[in-house]
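Working notes, beginning with the structure itself.
Throughout, a chain's letter reflects where its sequence line sits, starting with A, and its residues are numbered from 1. Because the structure is a prediction, the values reported are computed rather than measured.
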2 protein chains.
Amino acid sequence: MTPSHTAESARRSAGDPPPAELRSRLLGALEGLLAHRAFDAVSVIDIIRAAGVSKASFYFYFASKQAVLAELVRQAVRRGHEAADPWVSPDAAGPSDPVEGLRQGVTDGARLWRENAGVLKAIVESWGSDDGLRALWLDQMNSFTDAAVTRIEADPEALRHLGGVDVQATAAGLTWLGERLYYLAAAGVPPFDDQTVLIDTLTNAWTATLYGRRAADGRPAGGAIVDGHEGR
Amino acid sequence: MTPSHTAESARRSAGDPPPAELRSRLLGALEGLLAHRAFDAVSVIDIIRAAGVSKASFYFYFASKQAVLAELVRQAVRRGHEAADPWVSPDAAGPSDPVEGLRQGVTDGARLWRENAGVLKAIVESWGSDDGLRALWLDQMNSFTDAAVTRIEADPEALRHLGGVDVQATAAGLTWLGERLYYLAAAGVPPFDDQTVLIDTLTNAWTATLYGRRAADGRPAGGAIVDGHEGR
DNA sequence: GCGGCGACCATACACCCAGTCTGGACTACC
DNA sequence: GGTAGTCCAGACTGGGTGTATGGTCGCCGC
C-alpha cells in the first residue's frame with residue numbers, strides 16, 4: 001500500500017502548507033460526510049480516512065468527533081448571527097412593515113439552514129446525548145432568544161399586544177419553534193419540506209404571537225411567494 | 001408485577017409466571033433505567049442485568065434496545081391519546097370557553113410528559129438516529145396533528161380567524177412546538193422547567209394562532225399582571 | 001417414570017468503534 | 001548533522017452489539 005500519498009501529499013512538502021492545516025482538513029472532512037450521512041453513523045475512522053490524516057493527529061487537534069462538530073456549529077452560527085444582525089437592529093434599513101421584517105428574518109434563517117443543513121441537522125440530532133454539544137446548542141438558542149427579546153422590547157406594537165405575557169418565555173418558544181421547523185424541513189419531513197409552507201408557518205406564528213394578526217399568506221399552494229397584502 | 005418473587009429468581013419456579021413474562025420485565029427494566037439515565041447511555045447489558053434476564057432471551061423478545069424503547073413509547077402515547085380524547089371531541093362535557101379547553105389540553109399533555117418523562121425524553125433524543133424510532137415518532141406526531149386538525153375544523157371561530165392559512169401546517173407547527181417545549185421542560189431547561197411558564201407559553205401560542213387573542217394569564221390570584229422580565 | 005420439548009441461562013465469539021500509546025519517518029532549522 | 005516538530009502506521013485496551021452453542025430446569029405426553 002501507500003502509493004506515495006494519493007491526495008497531494010499527506011506530508012508537508014515544501015514549507016507551503018501552514019501548520020494546523022490538518023485541523024481544517026478534518027473540519028472539512030466531517031462537513032462533507034455530514035452532507036450524506038447522520039452524525040452518529042460517522043466514525044472517527046471515517047473522518048480521518050476522508051481527511052487523509054492519522055488517528056494520532058486527529059486526537060492532537062480534537063478531543064473527540066463531538067468537538068469537531070462543535071467547531072463546525074460555531075462557524076455556522078457565527079455566519080448566521082452576522083446574517084441576522086441587521087434584522088435585530090430595529091431601524092437599520094429593514095422593511096418598514098414589521099411583518100415583512102419578520103418574514104425576512106425567517107427567510108434568512110431558512111437560507112442559513114439550507115446552506116449548513118448537514119452540520120445543523122447533526123447538532124440537533126446529537127445535542128441530547130453529549131454534554132458538550134448540549135451546552136453549546138442551549139447557548140446558541142439562548143443567544144437567539146436574547147436577540148428576539150431585544151427585538152420585541154424595541155417594538156411598541158408587540159409590547160402592547162403582549163401585555164403582561166412573559167416576553168422571555170415567548171421569545172424562547174418562538175426560537176425553539178424555529179429550531180424544530182427548520183430541522184424538519186432539512187430532514188424532509190412534510191409539510192415543512194416545502195419552503196413556502198415552512199416560511200409561511202413560521203412567519204405566521206411570529207406575527208400571531210407578537211401582533212395578533214395573520215401574516216399575509218403566501219399562497220394556498222404552489223406559486224412563488226408574492227407578498228400581496230390581502231386584507232381577507 | 002409478579003408479587004411473589006420480586007426481582008430475584010431469574011428462573012421460573014412453580015409454573016405461576018405466565019410465558020413472555022420476561023418481555024414485560026425487560027420493558028420495566030428499561031423504563032426504570034431511563035428514569036435516571038439517557039437512552040444511549042443504557043446498554044443492552046444494563047437492561048438484562050436490571051431485568052435479571054439473559055442476553056439470549058433479550059434477543060428472543062426484542063430485535064434491539066431501540067425496539068424496547070419503541071414499545072414503551074407506544075404504550076405511553078396510547079395512554080396519552082386516551083387522555084386527550086375528550087379534548088378532541090368538541091362538545092363532550094369540556095369547558096365551554098375554548099381557551100380554557102386549550103389550556104386543559106395543554107395541561108393534560110404536561111401531565112403525560114411528567115408521568116413518562118424518561119421514555120419520552122429518550123425517544124425525542126433518539127429518533128433522529130434510528131430509522132425505526134424515527135418512523136414511530138413521526139407517526140405519533142402525525143396522529144396528534146390530525147387530532148388538532150379535526151379539532152380546529154370543528155371550531156368556527158378558529159376557522160374564521162385562520163382564514164386561508166394552511167390548517168394542516170399550522171396544526172403541525174403547534175404539535176411540534178409542544179413536543180419541543182415539553183421536552184425542554186422535562187430536561188430542566190429554563191424557562192420551561194417552570195410548569196406555569198410552560199403551560200402559559202404553550203396555551204398562549206395556541207390561542208394566539210387560532211383566535212388571535214391572548215390566553216388569560218395563569219395565576220388567577222393577584223389581580224394585576226406582573227409585567228417585566230423574569231430573570232432567566 | 002421416561003424421553004422430548006420449550007423456556008431459559010451462561011458464555012464464547014466475531015465484529016466494530018473509541019481513545020491511548022509507541023515507534024519511526026520526514027522536514028526545518030540551527 | 002543533530003535536534004525538535006510534525007505527522008503516519010498500527011498495536012492495544014476496553015467496551016459495545018448481535019449471534020451461536022451447549023446446558024439446565026420443569027412440564028407434558030406416553
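To the nearest angstrom, C1' of C:dC17 lies 14 Å from CZ of A:Phe39. In this structure, A:Asp40 atom CG and C:dA18 atom P are separated by 11 Å, rounded to whole Å. Regarding A:Lys65, its NZ atom lies at a distance of 9 Å from the C1' atom of C:dA18, rounded to whole Å. Atom CG of B:Leu26 is separated from atom C1' of C:dC8 by 12 Å (rounded to the nearest Å). Counting to the nearest Å, the C1' atom of C:dC8 and the CZ atom of B:Arg25 are 10 Å from each other. In this structure, the CZ atom of A:Phe60 is 10 Å from the C1' atom of D:dC7, given to the nearest Å. Rounded to an integer number of Å, the gap from B:Tyr61 OH to C:dG6 P is 13 Å.
Taking CD of B:Glu31 as the reference point, atom CD of B:Glu71 lies at 11.5 Å (rounded to 0.5 Å).
Side-chain atoms of B:Asp130 come within 3.5 Å of backbone N or O of B:Leu133 as a donor-acceptor pair. Without hydrogens or angle criteria, A:Asn204 side chain to A:Asp200 main chain gives no donor-acceptor distance under 3.5 Å.
Listed by chain and number, the residues in a side chain to side chain contact (heavy atoms under 4.5 Å, CB included) with A:Phe60 amount to none (sequence neighbours excluded). The side chain to side chain donor-acceptor pair (under 3.5 Å) check on A:Glu179 picks up A:Trp137, B:Arg180, with sequence neighbours excluded. Residues that satisfy the side chain to side chain contact (heavy atoms under 4.5 Å, CB included) test with A:Ala67, not counting sequence neighbours, are A:Phe62, A:Ser64.
Taking both residues in full, the closest heavy atoms of A:Leu34 and A:Phe39 are given as CD2-CA, 3.6 Å, listed atom of the first, atom of the second, then distance. The minimum heavy-atom distance between A:Ala185 and A:Leu198, with the atom names listed, is CB-CD2, 3.7 Å.
Residue B:Arg37 qualifies as enclosed at atom CZ: its count of foreign heavy atoms under 6.0 Å is above 12.
Not one side-chain nitrogen or oxygen of A:Ser54 sits closer than 4.0 Å to the OP1 or OP2 atom of D:dC7.
The aromatic rings of B:Tyr183 and A:Trp127 lie perpendicular to each other, with more than 60° between the two planes, well past the 30° mark.
If A:Phe58 and B:Gln66 are placed on DNA chain D by their nearest nucleotide, the residue sitting closer to the 5' end is A:Phe58.
In the region residues 122-131 of chain A, proximity to DNA chain C at under 4.0 angstrom, judged on heavy atoms, holds for none of the residues. Near DNA chain C, meaning a heavy atom under 4.0 Å from it, residues 41-49 of chain A has A:Ser43, A:Val44, A:Ile45 in order of number.
Side chains of B:Thr145 and B:Asn142: a donor-acceptor N/O pair is absent below 3.5 angstrom, by distance only.
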Could you list the protein-to-nucleotides 10-12 of chain D atom pairs, N/O on both sides, closer than 3.5 Å?
none

